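Have a look at the structure below before the remarks.
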Amino acid sequence: DVDRWPEAAVLLTDTFLDEPYVIQQYGDDRPARRTKLLHHYVDEGPGAFELILSAHDGDALLGLLQGSYAGRCLACVRQATAARPEDPEEALEWEFRNEQAAAHATQPPHGWVGKLGVSPDAQGRGVGRALLAAAASAVRDAGGTVVLLECQPHRDVFYEGSGYVRALTFRDPVGPDASLMRLDL
């Protein structure tokens, strides 16, 4: 629901605020980092993603997954004509996306989980795994056979618990090498 995007942007901000790559990109000052990250998610909006799933407890948003169906992976196509931005923070994102697209190019046609965020208060309750399973079902139902996602290496174990395996690693300009995780459906 586009009208609830500000709430989703807050959830994503709270989920990723203290990740090492976010600290590296937006700085050590936590309040300033939160403001910058929130603006990033608000500005990005939900429009680019065609697969959007959410988990709720009543009216409270617990989790959000954004992605793409097989053959229409946003990570593969959004960098095709993008010029390097002048803004240093945006340039780091651009570098990551180029590395990401190159990693995706080594894989067969695939669906993609671009973001998975779970409210810190709801973590450990199965929300993330349920969203991943729903995304895999949606990709499979649309004819897909593979789902990819990227994560920091310390998150590999979580995704492995949902059946993903590390296909490869690739350079992340603001953190450790990123894992490209793959789920064969």
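This chain uses plain numbering: 1 for the first residue, then up along the sequence. It should be emphasised that the depicted structure is a prediction, and the values quoted were computed from it without experimental measurement.
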Task: Linked hydrophobic residues, L183 as query - side chain contacts closer than 4.5 Å - done: L51, L53, L62, L65, Y69, V113, L116, V118, V127, L131, L132, V139, V147, L149, F158, Y159, Y164, M181, L185

- [ ] Would you please test T13 and K36 for side-chain contact (heavy atoms from CB on, under 4.5 Å) and show each step?
- [x] CA-CA 9 Å; T13 299; K36 289 178 184 179; over 6 Å; no

Open item on the list: For D28, is the CG atom crowded, meaning more than 12 foreign heavy atoms sit under 6.0 Å from it?
Closed with: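 No - once you tally the heavy atoms of other residues, nucleotides and ligands closer than 6.0 Å, there are 12 at most.
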
Task: Heavy-atom neighbours of D141 CG exceed 12 at 6.0 Å - done: yes

Open item on the list: Just to verify, what does E160 make a salt bridge (charged side-chain N to carboxylate O under 4.0 Å, His left out) with, not counting sequence neighbours?
Closed with: none

Under 3.5 Å, is there a donor-acceptor pair between the side chain of [X] and the main chain of [Y]?
X    : Y    : value
R33  : G27  : yes
W5   : Y41  : yes
R166 : D156 : no
T35  : P31  : yes
D29  : A32  : yes

Can you name the nearest heavy-atom pair linking [X] to [Y], along with the distance?
X    : Y    : value
A178 : F96  : CB-CE1, 4.2 Å
A101 : A75  : CB-O, 3.6 Å
P85  : A91  : O-CB, 3.7 Å
Q107 : L180 : CG-CD2, 3.9 Å
C73  : S68  : CA-CB, 3.7 Å
P46  : I52  : O-CD1, 3.6 Å

[Y] side chain reached by [X] side chain, heavy atoms, under 4.5 Å:
X    : Y    : value
H110 : C76  : yes
H39  : E44  : no
H154 : E19  : yes
P108 : T145 : no
R30  : I23  : no
L12  : H40  : no
E95  : R84  : yes

Open item on the list: Quick one about E89 and Q25 (side-chain donor to acceptor, distance below 3.5 Å, no hydrogens or angles considered), yes or no?
Closed with: no

Calculate, to the nearest 0.5 Å, the distance between atoms [atom1] and [atom2] belonging to [X] and [Y] respectively.
X    : Y    : atom1 : atom2 : answer
Y21  : E93  : OH    : CD    : 8.5 Å
L64  : R4   : CG    : CZ    : 10.5 Å
R97  : E90  : CZ    : CD    : 9.5 Å
Q152 : D172 : CD    : CG    : 5.5 Å
L74  : Q66  : CG    : CD    : 9.5 Å
D177 : L168 : CG    : CG    : 10.5 Å

- [ ] Show the numbers, then the answer: is there a side-chain contact (heavy atoms from CB on, under 4.5 Å) between S54 and L61?
- [x] CA-CA 7 Å; S54 60; L61 179 64; 3.8 Å; yes

TODO: State yes or no: do L11 and V42 share one hydrophobic cluster built from I, L, V, M, F, W and Y residues joined by side-chain heavy-atom distances below 4.5 Å, directly or via other members?
DONE: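 The answer is no; the residues belong to distinct hydrophobic clusters.
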
- [ ] Before giving the answer on side-chain hydrogen bond (donor to acceptor under 3.5 Å, both in side chains), spell out for H104 and T106 the whole-Å C-alpha distance, their side-chain angles and the decisive distance to 0.1 Å.
- [x] CA-CA 5 Å; H104 278 230; T106 69; over 6 Å; no

- [ ] Go through the steps for K115 and F49 under the test side-chain contact (heavy atoms from CB on, under 4.5 Å), then give the verdict.
- [x] CA-CA 10 Å; K115 287 190 181 64; F49 296 94; 3.9 Å; yes

Open item on the list: With salt bridge (charged side-chain N to carboxylate O under 4.0 Å, His left out) as the rule and sequence neighbours excluded, what pairs involving residues 99-111 come up?
Closed with: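 Applying salt bridge (charged side-chain N to carboxylate O under 4.0 Å, His left out) to every pair that reaches into residues 99-111, excluding sequence neighbours, yields E99-R171.
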
